[in-house]
Asks: 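If you scroll down you'll find the structure; I have some questions about it.
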Amino acid sequence: MYKIQPRLTQHAKSLAQFIRKSTMSSLQSVYVTRPDVDVSGLDLLRKSCNVTTWSQSLPVPRDELLRQVQGKDALYCVLTDKIDAAVLDAAGEKLKCVSTMSVGFEHIDVQECKKRGIRVGYTPDVLTDATAELTLALLLATNRRLFEANKQVYNGGWKSWAPMWMCGQGLKNSRVGLYGFGRIGQEIASRILPFKPAQITYTTRTARPEEAAKVNARRVDFDEMLCLSDFIVICCALTPETKEIFNAAAFEKMKANCIFINTSRGGVVDQNALYDALHSKRILAAGLDVTTPEPLPLDSPLLKLDNIVVLPHIGSADIETRKEMSRITARNILAALKGCEMEAEVI
Ligand SMILES: O=C(O)[C@H](O)CO
């Protein structure tokens with residue numbers, strides 16, 4: 001018995017070693033395209049996967065992505081990464097999941113993923129409040145000319161209080177048109193309501209009467225929204241149908257006092273047409289959190305205008321929101337690798 005014991009111990013040791021080795025070799029591998037996604041998400045992945053990340057806080061160069069994705073089981077990406085057939089080819093047959101830390105997924109060729117049985121995760125809902133809040137902040141900064149006024153404090157333009165100086169256009173008694181009435185659109189509407197607009201309208205493919213009743217909103221067609229709104233707020237997804245839907249013809253129909261706010265995607269707007277509409281004072285002002293391209297080049301004519309506020313795509317940039325987006329992206333990957341239901345899957 002005493003002689004056997006050491007042999008058993010030896011056996012147990014090698015068995016443990018074997019298990020450890022085989023577990024390690026079967027660890028699935030994930031490539032993360034940014035090193036600075038919140039660590040709570042990365043830690044979730046590191047518990048059961050081999051995780052490698054791009055090293056810089058800038059988009060991973062295309063050739064590096066194509067190299068790093070090879071042989072990976074999952075890809076954790078963000079909206080600046082174009083995930084197309086070439087990336088999927090480079091990844092090879094092991095790739096089971098692409099998970100984006102964003103609600104928008106137009107940077108991913110979903111059809112191509114589906115064709116190959118690769119599941120696609122995203123992060124809806126979690127960023128709805130943050131994005132609605134930022135939309136209101138941008139709207140108020142634009143209609144009350146906050147940045148223009150703030151500059152005057154520093155450049156000596158503030159000579160005295162003056163009766164009509166730096167006046168903007170209030171939301172009260174105005175007509176607000178929302179283009180898109182999904183989760184974010186509805187939250188924007190509920191935040192606009194306390195400012196006492198005369199009417200909130202929305203333009204969508206789906207009627208959504210119950211959601212509309214909650215914020216006293218009325219569904220109108222695209223033309224009515226364009227022709228009658230004092231504020232137009234874009235909160236739709238970028239799809240082939242919405243691409244550059246706000247073009248010269250659309251701006252031509254808007255009221256001269258119209259304020260145009262976009263926190264969805266730059267691609268829904270023909271930016272040259274927007275420039276012309278602002279420059280010629282065809283419309284009053286615009287507030288953009290999204291542009292084409294991003295970042296907007298410093299020599300963009302838009303940046304020379306006084307009647308525009310441009311933000312650097314910070315709709316969901318609220319600390320807790322971004323942390324939870326990181327965790328959801330990770331949990332989507334873990335679920336897909338286990339073959340379980342994902343928290344949010346593009347289907
Ligand atoms: O699509 C998204 O998630 C936003 O644009 C950035 O968070």
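Atoms within a ligand are numbered from 1 in the order they appear, just like the ligands themselves. All of these numbers come straight from a predicted model, not from anything done at the bench.
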Asks: Using 4.0 Å as the upper bound for N to carboxylate O, is an ion pair formed by D306 and K151?
Replies: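 So K151 does not pair with D306 through a salt bridge.
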Asks: Among all residues two or more places apart in sequence or in another chain, which pass the side-chain hydrogen bond (donor to acceptor under 3.5 Å, both in side chains) test with S160?
Replies: none
Asks: Check this for me: does any side-chain nitrogen of one of R331 and E324 sit under 4.0 Å from a carboxylate oxygen of the other?
Replies: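 Looking at E324 together with R331, the answer is yes, because their closest N to O distance falls below 4.0 Å.
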Asks: For M166, which fellow cluster members are found when Ile, Leu, Val, Met, Phe, Trp and Tyr are connected by side-chain heavy-atom distances below 4.5 angstrom, either directly or through intermediates?
Replies: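 Result for M166 is V153, Y154, W158, W165.
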Asks: For a side chain to side chain contact (heavy atoms under 4.5 Å, CB included) with F260, tell me which candidate from L278, T142, L274, L284 qualifies.
Replies: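 Single pass found, and it is L274.
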Asks: Donor-acceptor pairs under 3.5 Å, side chain of residues 180-189 to any protein atom, not counting sequence neighbours: which ones?
Replies:
from : atom 1 : to   : atom 2 : distance (Å)
R183 : NE     : D125 : OD1    : 3.3
Q186 : NE2    : F181 : O      : 3.0
Q186 : NE2    : G182 : O      : 3.3
E187 : OE1    : R191 : NH1    : 2.7

Asks: What residues sit with at least one heavy atom under 4.0 Å from ligand 1?
Replies: L79, S102, V103, G104, L127, R265, H313, S316, M325
